[in-house]
Amino acid sequence: MRSEDVAEDQTKAADRASAICRAIRMAILERALAPGDKLPEDQLGERFGASRTLARHALGQLASEGLVELRRNRIAVVATPSFEDARDEFDIRIELERLVVKRLAGRLSARQLAELAAHVDAEEAARNGPEAASLRLATEFHVRLAEMTGRSTLSRYVRETAYRSCLSLAAFGRPHSTDCAISEHRDVLAALEAGDEARAAARMAHHLDQVAQRALLKAPETRGDLMDILAPYAAMEPAVAPRRRRPASLED
């Protein structure tokens, strides 16, 4: 096989694994998958039309983000945070995201400000829909802020703690109005546009503390087959469309 073909196959495989990762991440952030749910490699590969190897790569990426726990005998489950971990994650987020907004205050371009404002508008438009979608959009707002700093390490830390705290809310958060969170995002955005570092940091700390305070224990809901739950998320990723099955020797 030519080196160009090998490189192309590797790129396609990486794209497919990334698509699986995105789909499972969204399912977790939207609470379609809950803490403790099992994620078998073989069933994931079948659902996403990919090999077990690619499913394993995707699970490894999600494990590095703290969303999945890899256990013995290649068993993967959605991570289950403790209540103490949940509170610590918000405390860590407060310090990290105070740093984020200090870096961004007065430095965002008109295009970036417009993008953030549009995102908050999308949050408001979704507030009367499923709470899970609102939670995902709210989390993505924080991740996008961190990405705008251009600091890869800071962005990675914020992304991981934001995803983990979103998972904690799935475990411990009670349903509540999203109006407060949306208004708090607008307050942060206004401080950033004004270039007021101190106010932006204070508003971000207040917002994250309030999100944590609004969380209470709740009992898990009864749900159906997990692979059926993942079906619409798989369908959203064209890179993981069903493929023809190859011999097992070529799959792994």
Side-chain angles (χ1 to χ4, degrees), residues 16-83 85-86 89-90 93 123 126 129-143 158-176 178 211-212 215-242:
R16 186 180 293 271
S18 296
I20 297 171
C21 187
R22 283 195 303 271
I24 297 175
R25 183 191 298 118
M26 182 176 291
I28 294 173
L29 296 182
E30 291 194 348
R31 303 185 185 181
L33 294 177
D37 283 345
K38 292 183 179 180
L39 300 169
E41 293 174 1
D42 55 346
Q43 293 183 42
L44 287 174
E46 183 177 352
R47 168 54 64 189
F48 286 95
S51 68
R52 291 182 60 175
T53 300
L54 292 181
R56 191 179 308 139
H57 283 310
L59 291 171
Q61 174 59 41
L62 293 167
S64 72
E65 297 174 2
L67 291 177
V68 166
E69 295 175 1
L70 301 179
R71 299 179 178 174
R72 298 176 62 182
N73 300 322
R74 293 184 177 178
I75 295 176
V77 300
V78 178
T80 304
S82 68
F83 190 82
D85 287 342
E89 285 157 7
F90 274 97
R93 279 190 71 183
E123 291 181 57
E131 186 194 12
S134 294
L135 180 59
R136 175 179 57 80
L137 285 169
T139 302
E140 290 173 351
F141 174 80
H142 292 267
V143 171
V158 170
R159 183 167 55 249
E160 291 177 5
T161 55
Y163 289 160
R164 284 283 297 180
S165 58
C166 187
L167 186 59
S168 295
L169 288 177
F172 304 114
R174 66 174 175 84
H176 60 79
T178 58
V211 171
L216 294 174
L217 289 171
K218 69 171 185 178
E221 299 177 356
T222 301
R223 294 163 305 120
D225 181 80
L226 298 185
M227 293 304 115
D228 289 340
I229 289 173
L230 277 171
Y233 294 93
M236 293 171 63
E237 294 291 348
V240 292

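The structure presented is a predicted model; accordingly, all values stated were derived computationally and were not measured.
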Can you measure from [atom1] ([X]) to [atom2] ([Y]) and round to the nearest 0.5 angstrom?
{"X": "His142", "Y": "Thr161", "atom1": "NE2", "atom2": "OG1", "value": "10.0 Å"}
{"X": "Leu59", "Y": "Gln61", "atom1": "CG", "atom2": "CD", "value": "10.5 Å"}
{"X": "Ile28", "Y": "Asp37", "atom1": "CD1", "atom2": "CG", "value": "9.0 Å"}
{"X": "Leu62", "Y": "Arg22", "atom1": "CG", "atom2": "CZ", "value": "11.5 Å"}
{"X": "Glu41", "Y": "Leu54", "atom1": "CD", "atom2": "CG", "value": "11.0 Å"}

Within-4.5 Å side-chain heavy-atom neighbours: Val78 and Leu39: yes

With [X] via side-chain contact (heavy atoms from CB on, under 4.5 Å) - residues at least two apart:
{"X": "Ala86", "result": "Ser168, Phe172"}
{"X": "Ser82", "result": "Glu84, Asp85"}
{"X": "Glu140", "result": "His119, Arg136, Leu137"}
{"X": "Ala55", "result": "Leu44"}

Taken in chain and number order and not counting sequence neighbours, the residues that satisfy ring pair (Phe, Tyr, Trp, His ring centres under 6.0 Å) with Tyr163 are none

Quick one: closest heavy-atom pair of [X] and [Y], and the distance?
{"X": "Asp42", "Y": "Arg52", "value": "CA-CG, 3.8 Å"}
{"X": "Glu30", "Y": "Ala133", "value": "OE2-CA, 4.2 Å"}
{"X": "Phe48", "Y": "Arg16", "value": "O-NH1, 4.1 Å"}
{"X": "Leu70", "Y": "Gly60", "value": "CD1-CA, 4.3 Å"}
{"X": "Ala17", "Y": "His57", "value": "CB-CB, 4.3 Å"}
{"X": "Thr80", "Y": "Gly36", "value": "OG1-N, 3.2 Å"}

Keeping the roles fixed (side chain from Thr139, backbone from Ala162), state whether a donor-acceptor pair exists under 3.5 Å. no

Under the side chain to side chain donor-acceptor pair (under 3.5 Å) rule, collect the residues that match up with Ser165, sequence neighbours excluded. Arg93

